[in-house]
J.: 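There's a structure below that I have some questions on.
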Amino acid sequence: MCGIVGIVGKSNVNQALYDALTVLQHRGQDAAGIVTSHDGRLFLRKDNGLVRDVFQQRHMQRLVGHMGIGHVRYPTAGSSTSAEAQPFYVNSPYGITLAHNGNLTNVEQLAKEIYESDLRHVNTNSDSEVLLNVFAHELAVRGKLQPTEEDVFAAVSHVHSRCVGGYAVVAMVTGYGIVGFRDPNGIRPVVFGQRHTDEGVEYMIASESVALDVLGFTLIRDLAPGEAVYITEEGQLFTKQCANNPKLQPCIFEHVYLARPDSIMDGVSVYKARLRMGEKLAEKIQRERPDHDIDVVIPIPDTSRTAALELANHLGVKFREGFVKNRYIGRTFIMPGQAARKKSVRQKLNAIELEFRGKNVMLVDDSIVRGTTCKQIIQMAREAGAKNVYFCSAAPAVRYPNVYGIDMPSAHELIAHNRTTEQVAELIGADWLVYQDLPDLIESVGGGKIKIEHFDCAVFNGEYVTGDIDEAYLERIEQQRNDLAKAKNQAVSAIIDLYNN
């Protein structure tokens, strides 16, 4: 769930990269970084924190050059050390920097190959650095003093043959250009676009189309699965399919929760997909309880608002804003440690008693992962005087970990893992719980004008589209992702950062 951006402009791109990262901030709040290129030299600034905190005026003034890439990060492996902030850099060949959204599922094998065969050193635990070294090695073996677009595409093709998982990448080859590419299943999103200036055409690559919109770029299209786009420093654009058997199977959770509603992914409006999720939920409620006694539908801010509004419209029930959100508190989904999550829910939401007192309330959220947040929110609704508290999830029950770049916790931390809907309802304290059915979710996202036949729905059905995930792999990530492991990693990271500073 990181955010990536790359720009080849006709003047300094530091401000544009900064603005794009602020638009993509929802994709990661752990760290941020920008690197630019000018006269064959690189200028880098990255650190832990939000975009607004990492980049001060003195940093921006040093980020000169009309070509650069940027990244916002949140950790999937439990470490928050600033050493793993992106972009990463290798000096050979040419000087390459890379930023990555996703997760490689064969990273242990790749790390071993890099050391034993490619003779390269990896300095962090980040799979992004591994991916960078694979790309750098494949470009180096071409043996060219000046790489062409065909050399870049050949390197990407070999990356696809070696790397397994979900990944969207921007990389900058110092003095030559920027390349963007997407895994052969198209799991993680990436788009590119252009804008016309007095000096000429500028190009941009980003995780979501909204970043292009805000900066005045026109969306050209999404990168196809396995495809690469290469933009030279002079502004020439080339694209090529670099995978043998690409198949579009995007992560459906992007539409449920991760993406901004004003983004378009693989031709599908995230906003319209969420409207359809609300319609499908309303139809399910009408089937199961045609004589329901719901007085009011209240969304849990912010990602569920669109689905909740359409749910209320179709049920003919009042839609009300019952919670006020403190927008200066981070997303609990991204926060490490159960204690921090529990504390932050009360800090970021406050109930408006007027909308709850004496009413049968249907609360709507985008999904239920650990159940920590919704349990507290249901309790808040009861304390505000609700007579009955019902709960709707715009997504099906999350029962399995994500392995392609979303920090879904280990299986035992997922409240729906090995539990029925009724058991989950009891645990979170709801009088009635309604989950979206998976076929309805698939139709909501893939049933618009743009038809997408297959999605990565692994968190709901346990079917991993790369075909390489077994119980042994899931057990390994269980050890890496549980909250105790994260707490230990963060303690070690804090000590390392303190020592380095």
J.: When you look at OH of Tyr89, are more than 12 heavy atoms from neighbouring residues, nucleotides or ligands closer to it than 6.0 Å?
T.: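 Yes - once you tally the heavy atoms of other residues, nucleotides and ligands closer than 6.0 Å, there are more than 12.
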J.: Could you name each residue pair satisfying salt bridge (Lys or Arg N to Asp or Glu O under 4.0 Å) that touches residues 204-218, not counting sequence neighbours?
T.: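 Matches after skipping sequence neighbours: Arg27-Glu208.
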J.: Might you point out which heavy atoms bring Asn101 and Pro189 nearest each other, and give the distance in Å?
T.: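 The pair with the smallest heavy-atom distance is ND2-CD, 4.2 Å.
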J.: Got a donor-acceptor contact below 3.5 angstrom from the Arg45 side chain to the Val54 backbone?
T.: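 Yes: the side chain of Arg45 pairs with the backbone of Val54.
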J.: Among all residues two or more places apart in sequence or in another chain, which pass the salt bridge (charged side-chain N to carboxylate O under 4.0 Å, His left out) test with Arg221?
T.: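 For Arg221 the salt bridge (charged side-chain N to carboxylate O under 4.0 Å, His left out) partners, ignoring immediate neighbours, are Glu227.
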J.: Any idea which heavy atoms bring Thr97 and Pro87 closest together, and the distance?
T.: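 Closest approach of Thr97 to Pro87, heavy atoms only: CB-CB, 4.4 Å.
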J.: Does any N or O in the side chain of His59 come within less than 3.5 Å of the main-chain N or O of Gln56, such that one atom is a donor and the other an acceptor?
T.: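 Indeed, once roles are kept as given, a pair shorter than 3.5 Å links the two residues.
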J.: So, do Gln241 and Pro246 sit near enough that their side-chain heavy atoms are less than 4.5 Å apart?
T.: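 Yes. Closest side-chain heavy atoms under 4.5 Å.
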J.: Could you pull out all residues at least two apart from Val107 that satisfy side-chain contact (heavy atoms from CB on, under 4.5 Å)?
T.: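 With sequence neighbours excluded, Val107 shows a side-chain contact (heavy atoms from CB on, under 4.5 Å) to Leu104, Asp127, Val130, given in chain and number order.
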J.: Within the 4.5 Å heavy-atom criterion, are Asp456 and Asn402 side-chain neighbours or not?
T.: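 They are in contact (side-chain heavy atoms under 4.5 Å apart), so the answer is yes.
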J.: Please check this pair: side chain of Gln29 against backbone of His26, looking for a donor-acceptor N/O pair closer than 3.5 Å.
T.: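 No; zero donor-acceptor contacts below 3.5 Å.
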J.: For a 4.5 angstrom cut-off between non-hydrogen side-chain atoms, does Ile406 reach Tyr74?
T.: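 Yes. Closest side-chain heavy atoms under 4.5 Å.
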J.: Could you tell me whether the side chain of Thr197 and the main chain of Glu199 form a donor-acceptor pair under 3.5 Å?
T.: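 Yes; at least one donor-acceptor contact below 3.5 Å.
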J.: Rounded to the nearest 0.5 Å, how far does OH of Tyr400 lie from CE of Met408?
T.: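 Those atoms lie 13.5 Å apart.
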J.: If I take atom CD1 from residue Ile34 and atom CG from residue Leu21, how far apart are they, to the nearest 0.5 angstrom?
T.: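 The CD1 atom of Ile34 sits 5.0 Å away from the CG atom of Leu21.
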J.: For Asp262, what residues pass the salt bridge (charged side-chain N to carboxylate O under 4.0 Å, His left out) criterion, not counting sequence neighbours?
T.: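 By the salt bridge (charged side-chain N to carboxylate O under 4.0 Å, His left out) rule, Asp262 matches Arg260.
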J.: Applying side-chain contact (heavy atoms from CB on, under 4.5 Å), can you list everything that pairs with Thr124, at least two apart in sequence or on another chain?
T.: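 Thr124: side-chain contact (heavy atoms from CB on, under 4.5 Å) contacts with Glu84, Phe88, Ser126, Glu129.
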J.: Would one find more than 12 heavy atoms of other residues, nucleotides or ligands at under 6.0 Å from atom CG of Asn245?
T.: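 No, not enclosed.
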J.: Report, as yes or no, whether the 6.0 Å neighbourhood of atom CD on Glu471 holds more than 12 heavy atoms from other residues, nucleotides or ligands.
T.: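 No, the 6.0 Å shell around CD holds no more than 12 heavy atoms from other groups.
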J.: Please walk me through it: do Val398 and Phe460 pass side chain to side chain contact (heavy atoms under 4.5 Å, CB included)?
T.: CA-CA 5 Å; Val398 177; Phe460 307 123; 3.7 Å; yes
J.: Not counting sequence neighbours, list each pair that qualifies as a side chain to side chain donor-acceptor pair (under 3.5 Å) and has a residue in residues 167-189.
T.: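 Qualifying pairs: His160-Tyr167, Arg182-Asp266, Asn185-Gln249, Arg188-Glu254.
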J.: Any carboxylate oxygen within less than 4.0 angstrom of a Lys/Arg side-chain nitrogen, looking at Lys10 and Glu202?
T.: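 Between Glu202 and Lys10 there is no salt bridge, as every charged N stays at least 4.0 Å from the carboxylate O atoms.
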J.: Flag the pair Met277 / Val445 as yes when at least one side-chain heavy-atom distance between them is below 4.5 Å, and no otherwise.
T.: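 They are in contact (side-chain heavy atoms under 4.5 Å apart), so the answer is yes.
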J.: Quick one: which residue pairs count as a ring-ring contact (aromatic ring centres under 6.0 Å, His included) with a foot in residues 191-227, not counting sequence neighbours?
T.: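 ring-ring contact (aromatic ring centres under 6.0 Å, His included) check on residues 191-227 returns no pairs.
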J.: Just by distance, do the side chain of Thr239 and the backbone of Val229 share a donor-acceptor pair under 3.5 Å?
T.: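 Side chain of Thr239 to backbone of Val229: no pair is present.
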J.: Work out which heavy atom in Leu223 is nearest to a heavy atom in Gly180; give both atom names and the distance.
T.: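 It is CD1-O, 3.6 Å.
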J.: How would you list, by chain and number, every residue that makes a side-chain contact (heavy atoms from CB on, under 4.5 Å) with Thr232, sequence neighbours excluded?
T.: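 Checked Thr232 against side-chain contact (heavy atoms from CB on, under 4.5 Å); matches are Tyr230, Glu234, Gln236, Phe238.
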J.: Give the C-alpha distance, both sets of side-chain angles, the deciding distance and a yes or no for side chain to side chain contact (heavy atoms under 4.5 Å, CB included) between Ile69 and His71.
T.: CA-CA 7 Å; Ile69 63 175; His71 186 264; over 6 Å; no
J.: Got a sec, which residues hit salt bridge (charged side-chain N to carboxylate O under 4.0 Å, His left out) with Glu233, two or more places apart in sequence or on another chain?
T.: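 Once residues adjacent in sequence are excluded, Glu233 has no partner under the salt bridge (charged side-chain N to carboxylate O under 4.0 Å, His left out) criterion.
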J.: Just by modelled atom types, is the His255 backbone N or O under 3.5 Å from a matching donor or acceptor in the Arg274 side chain?
T.: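 Answer holds: yes.
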J.: Answer yes or no: is there an ion pair linking Glu150 with Lys240, defined by an N-O contact shorter than 4.0 Å?
T.: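 So Glu150 pairs with Lys240 through a salt bridge.
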J.: Of all the heavy-atom pairs spanning Cys242 and Ala228, show the shortest one and how long it is.
T.: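 Taking every non-hydrogen atom into account, SG-CB, 3.9 Å.
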J.: Between the main-chain N or O of Leu119 and the side-chain N or O of Glu116, is there a donor-acceptor pair closer than 3.5 Å?
T.: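 Looks like no, no N/O pair under 3.5 Å.
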J.: Tell me every residue that passes side-chain contact (heavy atoms from CB on, under 4.5 Å) with Leu219, counting only those two or more places apart in sequence or in another chain.
T.: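 Applying side-chain contact (heavy atoms from CB on, under 4.5 Å) to Leu219 gives Val191, Ser209, Leu212.
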J.: Within the structure provided, determine whether Ile469 and Leu474 are in side-chain contact (heavy-atom separation under 4.5 Å).
T.: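 Answer yes - side chains close enough.
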J.: Below 30° counts as parallel, above 60° as perpendicular, anything between as tilted: where do the rings of Tyr464 and Tyr404 land?
T.: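 Because their plane-to-plane angle is over 60°, the rings of Tyr464 and Tyr404 count as perpendicular.
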J.: Under a 4.5 Å cut-off applied to non-hydrogen side-chain atoms, are Cys251 and Phe455 in contact?
T.: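 Sidechains of Phe455 and Cys251: no contact.
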J.: Should Ile114 and Val134 count as side-chain neighbours, where that means a heavy-atom distance under 4.5 Å?
T.: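 Answer yes - side chains close enough.
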J.: Could you tell me whether a side-chain N or O of Asn103 sits under 3.5 Å from a main-chain N or O of Val403, the two making a donor and an acceptor?
T.: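 Side chain of Asn103 to backbone of Val403, a donor-acceptor pair under 3.5 Å: yes, one is there.
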J.: With rounding to the nearest 0.5 Å, note down the distance linking CD1 in Ile205 to CD1 in Ile231.
T.: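 One gets 4.0 Å once the value is rounded to the nearest 0.5 Å.
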J.: When rounded to the nearest 0.5 angstrom, what is the spacing between SG in Cys457 and CD in Glu463?
T.: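 It comes to 8.0 Å.
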J.: Step by step, work out the side chain to side chain contact (heavy atoms under 4.5 Å, CB included) result for Gln194 and Leu237.
T.: CA-CA 10 Å; Gln194 65 181 14; Leu237 183 143; over 6 Å; no
J.: Given side chain to side chain donor-acceptor pair (under 3.5 Å), test His100 with Gln86 step by step and report yes or no.
T.: CA-CA 8 Å; His100 160 231; Gln86 297 183 38; 5.0 Å; no
J.: Mind checking the CG-OG1 spacing from Leu17 to Thr36? Nearest 0.5 Å is all I need.
T.: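 Rounded to the nearest 0.5 Å, the CG-OG1 separation comes out at 8.0 Å.
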J.: For Leu215, does its backbone N or O pair with a side-chain atom of Arg195 as donor and acceptor, under 3.5 Å?
T.: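 Yes.
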J.: If I take atom OG1 from residue Thr105 and atom CD from residue Glu108, how far apart are they, to the nearest 0.5 angstrom?
T.: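 Reported value, rounded in 0.5 Å steps: 10.5 Å.
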J.: What is the minimum heavy-atom distance between Met204 and Ala20, and which atoms define it?
T.: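 Shortest heavy-atom separation between Met204 and Ala20 comes out as CE-CB, 3.7 Å.
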J.: Not counting sequence neighbours, list each pair that qualifies as a side chain to side chain donor-acceptor pair (under 3.5 Å) and has a residue in residues 14-24.
T.: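 Counting only pairs at least two positions apart or across chains, the side chain to side chain donor-acceptor pair (under 3.5 Å) contacts touching residues 14-24 are Gln15-Asp19.
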J.: A side-chain contact here means heavy atoms from C-beta on lying under 4.5 Å apart; do Ile187 and Thr466 qualify?
T.: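 Yes, close enough: below the 4.5 Å cut-off.
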J.: Search all heavy atoms of His38 against all heavy atoms of Gly65 and return the closest pair with its distance.
T.: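 Heavy-atom minimum between the residues: CB-CA, 3.8 Å.
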J.: For Glu113, check salt bridge (charged side-chain N to carboxylate O under 4.0 Å, His left out) against everything at least two apart and list the hits.
T.: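 In terms of salt bridge (charged side-chain N to carboxylate O under 4.0 Å, His left out), with neighbours along the sequence ignored, Glu113 is linked to Arg162.
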